[in-house]
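Since the structure is predicted, the reported quantities are computational estimates derived from the model, not experimental observations. Values below: every heavy atom of this structure, side chains too, minus hydrogens, waters and symmetry copies.
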Amino acid sequence: MKIAIGIAGASGVIYAKRLIEYLEKKCELFVVISKTAEHIFKSEIGCEFKEFIKTKDIKIYDNDDFFSPLASGSFIVDAYVILPCSMKTLSAVANGYADTLITRFADVAIKQKRKLIISPRETPFSAIHLENMLKLARLGTSIIPPIPAFYSNPSDINGVIDFVVGKILDEIGIENSLYLRWGD
Ligand SMILES: Cc1cc2nc3c(=O)[nH]c(=O)nc-3n(C[C@H](O)[C@H](O)[C@H](O)COP(=O)(O)O)c2cc1C
């Protein structure tokens, strides 16, 4: 599977780190990180994003690289994920304002009717944020906010992160046992 991952400037870049770690050996990954998200990565994870990806077999594109294959609908990707997604990037996607590679690939996903998964992170959500999510949900986008559940009995923070990442993998259609399912 080919999967595009956009990391926007919201708190919770650790979810993207975990998704990349889980998928790097299983899929072909195309990753784009915004400038602010790079700063947040350093602040929340404690290392540079460039250091993290150094040993990873993934393709990385600058967020202003519109020559990237991800910028075109003719390049077929199985799923596009924005994790976490800032309210600014959410708004751009909801309004077709494709001024970065992340917002452009989301635009491509919508126009090509491909799987788009967005994980918006903010609290509280304003009516503007909610309207943008509703607009995208009506277009078929999966809105999976990084909200943990506790029926899976997470024993630590990793369990909380794996629940959200597991839900995203479910939506992509990748079998996983990252969290304890209800009934298991
Ligand atoms: C440390 C830090 C945390 C932030 N967390 C959030 C957040 O959780 N949600 C959000 O919508 N914006 C957050 N922002 C603001 C966005 O980064 C800002 O609106 C930026 O323009 C988003 O651009 P991007 O989506 O292209 O990365 C945060 C900024 C910083 C510096």
Checklist entry - Taking atom OH of Tyr151 as the centre, does the number of heavy atoms from other residues, nucleotides or ligands within less than 6.0 Å exceed 12? => result yes

Checklist entry - Is the shortest distance from a Lys or Arg side-chain nitrogen in Asp162 or Lys167 to a carboxylate oxygen in the other one below 4.0 Å? => result no

Next on the checklist: For the residue pair Arg181 and Tyr179, would you count it as a cation-pi contact if the rule is NZ or CZ under 6.0 angstrom from the ring centre and within 45 degrees of the ring axis?
Outcome noted: yes

Item to check | Over 12 non-hydrogen atoms of neighbours within 6.0 angstrom of NZ in Lys50 | outcome: no

Next on the checklist: Tell me every residue that passes ring-ring contact (aromatic ring centres under 6.0 Å, His included) with Phe41, counting only those two or more places apart in sequence or in another chain.
Outcome noted: Phe49, Phe52

Checklist entry - Any ring-ring contact (aromatic ring centres under 6.0 Å, His included) pairs touching residues 84-119, not counting sequence neighbours? => result Tyr80-Phe105

Checklist entry - For the hydrophobic clusters of this structure (ILVMFWY residues joined by side-chain heavy atoms under 4.5 Å, transitively), does one cluster hold both Met1 and Leu19? => result yes

Next on the checklist: For residues Ile157 and Leu83: do they belong to one hydrophobic cluster (side chain heavy atoms under 4.5 Å, members Ile, Leu, Val, Met, Phe, Trp, Tyr)?
Outcome noted: yes

Next on the checklist: If I compare all heavy atoms of Ala109 with all of Leu116, which pair ends up nearest, and what's the gap?
Outcome noted: CB-CB, 4.0 Å

Checklist entry - Taking NZ, NE, NH1 and NH2 as the nitrogens, is one of them in Glu21 or Lys56 under 4.0 Å from a carboxylate oxygen of the other? => result no

Item to check | Any donor-acceptor N/O pair, Arg114 side chain to Gly73 backbone, under 3.5 Å | outcome: yes

Checklist entry - Do any N or O atoms from the side chain of Asp184 and from the backbone of Leu180 form a donor-acceptor pair under 3.5 angstrom? => result no

Next on the checklist: Donor-acceptor pair, distance only, cut-off 3.5 Å: does the side chain of Lys135 make one with the backbone of Ala94?
Outcome noted: yes

Item to check | Interatomic distance, Asp78 atom CG to Ile3 atom CD1 [nearest 0.5 angstrom] | outcome: 7.0 Å

Item to check | Lys42 side chain to Glu38 backbone, donor-acceptor under 3.5 Å | outcome: no

Checklist outcome for this item: From the list Glu122, Arg121, Glu44, side-chain hydrogen bond (donor to acceptor under 3.5 Å, both in side chains) partner of Ser11 resolves to Glu44

Next on the checklist: Could you check whether any side-chain N or O of Lys25 sits under 3.5 Å from a backbone N or O of Asp57, counting only pairs where one atom can act as donor and the other as acceptor?
Outcome noted: no

Next on the checklist: As an exercise, state the distance from CD1 of Ile118 to OG1 of Thr141, rounded to the nearest 0.5 Å.
Outcome noted: 5.5 Å

Next on the checklist: If we ignore hydrogens and angles and just use 3.5 Å, is the side chain of Asp62 paired with the main-chain N or O of Asp65 as donor and acceptor?
Outcome noted: no

Next on the checklist: Which heavy atom of Ala8 sits nearest to which heavy atom of Ile82, and what is that distance?
Outcome noted: CB-CG2, 4.3 Å

Item to check | Asn63 side chain vs Leu101 backbone, donor-acceptor pair below 3.5 Å | outcome: yes

Next on the checklist: I'd like to know if the side chain of Arg104 reaches the main chain of Ala71, judged simply by a donor and an acceptor atom lying under 3.5 Å from each other, with no hydrogens or angles considered.
Outcome noted: yes

Checklist entry - Crowded around Leu139 CG? As in, over 12 foreign heavy atoms under 6.0 Å? => result yes

Next on the checklist: If hydrophobic clusters are built from ILVMFWY residues whose side chains come within less than 4.5 Å, do Leu169 and Ile7 share one?
Outcome noted: yes

Checklist entry - Atom CG of Leu134 and atom CD1 of Ile143: how far apart are they, to the nearest 0.5 Å? => result 9.0 Å

Next on the checklist: Side-chain heavy atoms nearer than 4.5 Å, only ILVMFWY residues, links allowed to pass through others: does that put Ile174 and Val81 together?
Outcome noted: yes

Next on the checklist: Under a 3.5 Å threshold, yes or no: a donor from one side chain and an acceptor from the other, between Ser72 and Ser74?
Outcome noted: yes

Checklist entry - So, the side chain of His39 versus the backbone of Thr36: is there a donor-acceptor pair under 3.5 Å, distance only? => result no

Checklist entry - Should Phe30 and Val13 be counted in the same cluster of Ile, Leu, Val, Met, Phe, Trp and Tyr side chains packed under 4.5 Å apart? => result no

Checklist entry - Closest heavy-atom contact between Ile102 and Ser34? => result CD1-N, 4.1 Å

Checklist entry - Does the cation-pi check pass for Lys17 over Tyr15, that is, NZ or CZ under 6.0 Å from the six-membered ring centre and within 45° of its axis? => result no

Next on the checklist: Any side-chain to backbone donor/acceptor pair from Thr89 onto Cys85? Under 3.5 Å, distance only.
Outcome noted: no

